[in-house]
Each structure stands twice: as C-alpha cells, then as structure tokens.
Amino acid sequence: MSPALAALAARAGILPRYVDLTGATHETGSATAQALLAAMGLPAITEAEAAQTLAALQAAEAARPLPDWIVVEAGIAPVLHPRHAGEWHLTLEDGTCHAGRAEDTLTLPPLPLGLHDLTIAGQRMTLLSAPPRLPLPPRGWGVTVPLYGLRDAETGGLGDYADLCAVVAGIGALGAGFVGINPIHAGFPGDLQAISPYSPSSRRRFSAAHLACPGEAATPSGKLVDYAPAIAARLTCLRAAFAAIGPGERATLAGFRAAEGADLDRFALHQALSDRFGPYWSDWPEAYRAPDTPEVRTFAADNPDAIAFHAWLQFRAEGQLADIRAAGRDAGMAHGLYLDLAVGTHPAGAETWADPGLFARGATLGAPPDPFAPQGQNWSLAPMIPQALAARGFRPLAEILRAQLRHAGLLRIDHILGFERAFWVPADGPGAYVAMPKPALLAVARIEAARAGAVIVGEDLGVIPEGLQADLAASGILGCRLAMFDPHPENWPEAVLASFGTHDLPPFEGWRQGADIGWHARLGHVAAERVADMHRHRQDAAADLARRAGGADVDALNRYLGATPARLVALQIEDMLGATEQANLPGTVDSHPNWRRRIGPGPAALVQHEAVLRAARAMDQSGRRGRGDA
C-alpha cells in the first residue's frame, strides 16, 4: 500500500490487518482500502488523490481547538485544555446555554446526563456526559419467545403485540422478570420474503406487521407461519381501521406527529413511497431515491392521507408497546420487555433513504472467514460511517436506543463487538475491519440506559477483541454466556445474562439429538465423512452436560442455569417445550424455514403449560426473583 493511502486508511480507522479464527493473518490490500474509503466518502483512487484527501483531513483537525467529542462524567465539572483560545458557547440538551472565553484551560459547569454541544472559535464538538458505570440488576430470570410464532396453528396468522401482552402478563405472574423477543424494527411489508428481524428498514421505528387489529380475518396455516396471507390480512384490517378513525383519534394522531417531528414524517413519507414504487428505494425511479428532491416534495403534498396512514401505524405500535410495558409493570416484573437491537440496517430501507450521509455506500457489514464460512460472511447491512456519526454528535445512535428503551427495561445489543471494530465488506473483494469510536458508543449506551433506568446486554460472542469484555464490565453492560459451549459456568462473572443457546442455535432437545448436524449435512454445509464424528462429539457433550447438571432433562438444565453466578438467566420457550428445530439456521435463506416455526400452544395455554410452571419453580428454588421489588 502506498504511503499516502496507508496514512489515509489509518486515519479513517481501517485496520491494516487482522487475525482470523484459524490464526491466519490477513493484510488489508490497497483495493480494499480504496473501496472502503470510497464508501466513507473519502476519495483515494490515486496516490495524489489520497494525499489530497489526507491533507484536507489533517488541516481540518489542526483547526480544531478540541477533538470532535469527549466523554465526561455526568454531574462533574469537566476541565478541558483547548489548543488555542477563543470564545466558547455551551448548549445543553435541554436548551440551556452557557458562554465565556477559553484560554489554555476551560472549566465548564457540572454537566447533566446527555449529549451537549460545545463550540469554541466556531468549531463544534460533542460532550457525552455519562455515568461511569450502570448498576447491575439483582439476580433474576426471564423467558424468550418468538413473537411471530406465538399463535397456535388453529388460530393461524402472525403473532401480534396483543399476543405478546398476554404472554408478558402471564409469565410475569409466574415470577419472571422479563420476556424477550427478537427485534421488532420496522421491516418491509411490501416484500413478503423479507422476514428476518435482523435486516430491518428502520431501527428507529417499529414493525407494523405485528400490530394487533381487532376483526382481522383468520389465516390458519399449520405449524409454520405463512407470512403472505397473514400480512395481507393484517394490512387489510389496518387500512380499514384507519379509514374509520374519527376526529378525536385524528387529533391525537396530529399531536403524536407534532411531538415526533420531522423524523416520523420522513419515515412515513418513505413508507408511502414504498407503497407506490416497491419496498427498496434503490429500485425506485431516480428522482425519488433521495428525500429532498422536488418530485418527493410534490408526492408528499399530493398524498397526505397515505403518509398519515403510516404515521398512524407507528402511533398504534407505540400505544400497543406501551400497553405491554404496563402489563409487565402491573405484574411486578423487574424489567418487563427484553428487546433486541439489530447490528445494522438494510442498505435500501427507510433509515438509509432518510439520512444518506450517515451510511456507507458500496460496503456492507459482515464477518471474516472462519471454519464454518471459509469465504467470510456478508450480512448485507449498511454500516454507519464513524466520522459521520461523530459529526452528528452520536445522536442517531442515541435516538435508536431511546426508541427501544421507551418500552424495554432490558435491551440486547446484537454483535456489540461492532462497538470496537466492524468488518466492512466492499462490493467486490475481501473485507477489512474498521475501528469504531468505542468510548463514545459505550457512553451513549450508558446515557440512554441511565435515562430509562434500564439494563443493557451486549452480545459478546464470537472472535472478541482484546479488552472489550473488560470495557463492557466497567460500563455495567452485561455480557452473554451460553451453557451449550461453556462447560464451566461456575466461573462465569456475575455481570452476564446466561442461557443455554440462542435463536441461531438448536434448542436443548434438538442439540441433544443433533438435529442441527442433520440439517447441515442435508444442505451440504459439512462433508459427509464428518457427520458420524460430529454426532459422537455431540453425544459426549450432552452426556457431560447431564453429569454436570445432575440430569439429562430440561428441568435439570434450568436448575443448572439458575445456580450460575449470572445476574440474569434467559430460558428459551423452545427448550421448555421440548422443540427440536431451531428458529434460524445461519447461512440459509430459503433452504431452512427461518423465523417461521410456531411454538405450539397459544398465549393463554402457554402461560399455564406444565413445563413453564416447572421452569418458574426451578428459578424460584434457585433464589432468583423477577419482581421489581426483589
């Protein structure tokens, strides 16, 4: 790599090399660096162009009296040391202003929790005023369920927020502290194949596909959710309900839209355009692929009711999620809803359309090669450009977290390894890691969790960067531990959420039987000659777990998990009910029925199921309490 290109890549955070799971070192080549720089909006096709871009960045940095951002402790008066003197202006989140003149030392007043703007000599920076550490929750437990699969086959259709509300109330009455689900971000109802909750259109808004709509037509569909008729029936019901709303609800909706502001209106505009041109804006006519064109403004003026409908869907989603939170609170749950934040957003969804300068173009998030995916993984998710995020004062991330924490007392951040470094994959060629502003991202998580009185769980599984888990623990962010892979839970730290597996792994009974091995063998993911050996290893692992747990059944497993040092334990409903098939098989799209399996009993029967009652007793006997006053 040429000197200017190497220096520019380093300044942009592109790491020069990484070591994969096999121990092999991968150097970042010039083509990869140039492609990732271009995705960040930093031209570097030639050495001269790279040198020019680098010089511009260096000049901009030299002009700044202070860095783009600084993390400070909330409630403490920060002392800063600007590189040169100048007038300063401080604007707090609540609009309060302070001003003065800075010399070589600048002492500010104690700062409240939040993201605050400081301007010195015309240069703006962000002060992230955060608590140094979040408090750990008391020892508790909860249940994870698939929202889409909560209805029994006879009822059919897609699980909705009313189903979830019933489950939260019932599980809470058994002493659980939370009920966890996969992400409920806004998706692509116009693409009935786009059902993965981890590839959202917008993480700031919520899924309309799970809205409860009284009077919806029944769509029985057997053991697997049939999304096409289920979503069609739901949208038909919702459109009829919107057409029937009266003046009072329209006035309430207007108030909601005014409070949510331009962000909601832009999202609703995107959804209305999707109804007209298709789910993905990259396929729209050129004039509509950006939010501020004359054609888009004309469309908005001509279609106010279409836009109001999508704003109303969000209004209804917020209301139904608030009902779920209230149900958890009434049941005495310590946390209530346990939501999941996807690691990224779809490159052609509402988030990237509404804020194009924030996201990389021409690169997506993924993972480097490993023994299971020798070519690496491309998750087809758009990464936020770290420099653009910093320039925006990290507010886009704060707003996403705040939206989730409005309804959740517990939030899981998927692949929190991306707070340290994210693997970017260019459109053509190998990928590389991009360093992220970890202290700022952790500070934002602490700020928003402290505002909400919530607990954050970081999914720290996989190839973990050195020091990240220590930083999570120092922030009071819980890590994850899986009994499926860790034979020594007695050594787990307290600051974790423990479970047997995840939605990407087989449930307990399926793991014991090797159901996942069978799937991988049938799909050609593993060589035929390895299958028998894999089954033998699995039998040995299952026998070892049975010895350690004092039994081979799920009740012994639950007691085993309950006895671990982990502050929180998540019991999967599939484990309790003896399911053998997993919710999602990584590396598949259509060859495995991902995100479609029903759990069996409906909400009313589920909370009275003997297996669920036994699990609650096991947690109680282990000394775990899910009550908020525990």
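Keep in mind the model is a prediction, meaning the values are calculated, not measured.
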Residues Asp275, Arg239: salt bridge by 4.0 Å N-O rule: yes
Pair Arg203-Thr345, side-chain donor/acceptor within less than 3.5 Å: no
Point-to-point distance, once rounded to the nearest 0.5 Å, from NE2 of His592 to CG of Leu585: 5.0 Å
Gap between atom CD1 of Ile171 and atom CE of Met333 - 0.5 Å precision: 7.5 Å
Donor-acceptor contact below 3.5 Å, side chain Arg133 vs main chain Ala473: yes
Side chains of Leu381 and Tyr198 in contact at under 4.5 Å (non-hydrogen atoms): no
ring-ring contact (aromatic ring centres under 6.0 Å, His included) assessment of His346 paired with Phe188: CA-CA 10 Å; His346 194 285; Phe188 297 91; 5.0 Å; yes
Polar side-chain atom of Thr502 near backbone of Asp504 as donor-acceptor pair, under 3.5 Å: yes
Derivation of the salt bridge (charged side-chain N to carboxylate O under 4.0 Å, His left out) call for Glu610 and Arg617: CA-CA 11 Å; Glu610 179 55 32; Arg617 288 194 292 270; 2.9 Å; yes
Side-chain touch Lys438/Leu441, heavy atoms, less than 4.5 angstrom: no
Test item: Ser207 side-chain N/O and Ala186 main-chain N/O as donor-acceptor pair under 3.5 Å: no
No-hydrogen, no-angle side-chain donor-acceptor test under 3.5 Å, Thr588 and Asn594: yes
Donor-acceptor under 3.5 Å (Arg624 side chain, Arg139 main chain): no
Phe500 and Trp511: CA distance, side-chain angles, deciding distance, ring-ring contact (aromatic ring centres under 6.0 Å, His included) verdict: CA-CA 10 Å; Phe500 173 69; Trp511 175 79; 5.3 Å; yes
Step-by-step salt bridge (charged side-chain N to carboxylate O under 4.0 Å, His left out) determination, Glu494 to Arg567: CA-CA 5 Å; Glu494 280 190 291; Arg567 285 295 180 101; 3.1 Å; yes
Heavy-atom pair of closest approach, residues Trp492 and Ala498: CZ3-CB, 3.3 Å
Value rounded to 0.5 Å, distance of CZ in Arg406 from CD in Glu448: 11.0 Å
Arg205 vs Glu260 side-chain heavy atoms within contact, under 4.5 Å: yes
Pairwise side-chain contact, Tyr338 with Leu411, heavy-atom cut-off 4.5 Å (strictly under): no
Which atom of Tyr280 lies closest to which atom of Ala194, heavy atoms considered: OH-CB, 3.5 Å
Residue from Arg234, Arg151, Glu216 passing side-chain contact (heavy atoms from CB on, under 4.5 Å) with Leu158: Arg234
Verdict with supporting geometry, Glu459 and Ile413, side chain to side chain contact (heavy atoms under 4.5 Å, CB included): CA-CA 6 Å; Glu459 191 242 340; Ile413 298 178; over 6 Å; no
Contact check, side chains of Phe419 and Leu417, non-hydrogen atoms, under 4.5 Å: no
Heavy-atom closest contact (Ala153 atom, Gly222 atom, distance): CB-O, 3.3 Å
Whether Trp312 and Phe242 hold their rings parallel, tilted or perpendicular, with breakpoints at 30° and 60°: tilted
Nearest-0.5 Å distance that lies between atom OG1 in Thr144 and atom CD in Gln572: 4.5 Å
Distance-minimising heavy-atom pair for Leu192 and Tyr227: O-CB, 4.2 Å
Charged N-O contact under 4.0 Å between Arg598 and Glu154: no
Within-4.5 Å side-chain heavy-atom neighbours: Leu571 and Met576: yes
Glu318 side chain to His407 side chain, donor-acceptor N/O pair below 3.5 angstrom: yes
Trp353 side chain reached by Arg266 side chain, heavy atoms, under 4.5 Å: yes
Disulfide (SG to SG under 2.5 Å) contacts in which one or both residues fall within residues 168-208, not counting sequence neighbours: none
Check: Arg257 side chain, Leu264 main-chain N or O, donor-acceptor pair, under 3.5 Å: no
Main-chain N/O of Met619 paired to Ser622 side chain as donor or acceptor, under 3.5 Å: yes
Interatomic distance, Asp575 atom CG to Asp553 atom CG [nearest 0.5 angstrom]: 12.0 Å
Minimum side-chain heavy-atom gap Leu238-Leu313 below 4.5 Å: yes
Side chains of Asp323 and Tyr161, donor plus acceptor under 3.5 Å: no
Heavy-atom pair of closest approach, residues Gly418 and Met436: O-CG, 3.2 Å
Side chain Trp141, main chain Gly175, donor-acceptor under 3.5 Å: yes
Candidate pair Ser129 and His116, rule side chain to side chain contact (heavy atoms under 4.5 Å, CB included), full reasoning: CA-CA 8 Å; Ser129 179; His116 313 298; 3.8 Å; yes
Electrostatic pair Asp460-Arg481, nearest N-O below 4.0 angstrom: yes
Thr564 side-chain N/O to Leu561 backbone N/O, donor-acceptor pair under 3.5 Å: yes
Asp163 side chain vs Asp160 backbone, donor-acceptor pair below 3.5 Å: yes
Closest contact, heavy atoms only, Leu365 versus Val343: CD1-O, 4.0 Å
Derivation of the side chain to side chain contact (heavy atoms under 4.5 Å, CB included) call for Phe206 and His185: CA-CA 4 Å; Phe206 293 102; His185 308 312; 5.8 Å; no
Atom pair NE2 (His503) and CZ (Arg597), whose distance is rounded to the nearest 0.5 Å: 14.5 Å
Flag if over 12 foreign heavy atoms under 6.0 Å of CD, Gln193: no
Derivation and outcome, side chain to side chain contact (heavy atoms under 4.5 Å, CB included), residues Leu497 and Arg412: CA-CA 10 Å; Leu497 180 145; Arg412 173 186 179 271; over 6 Å; no
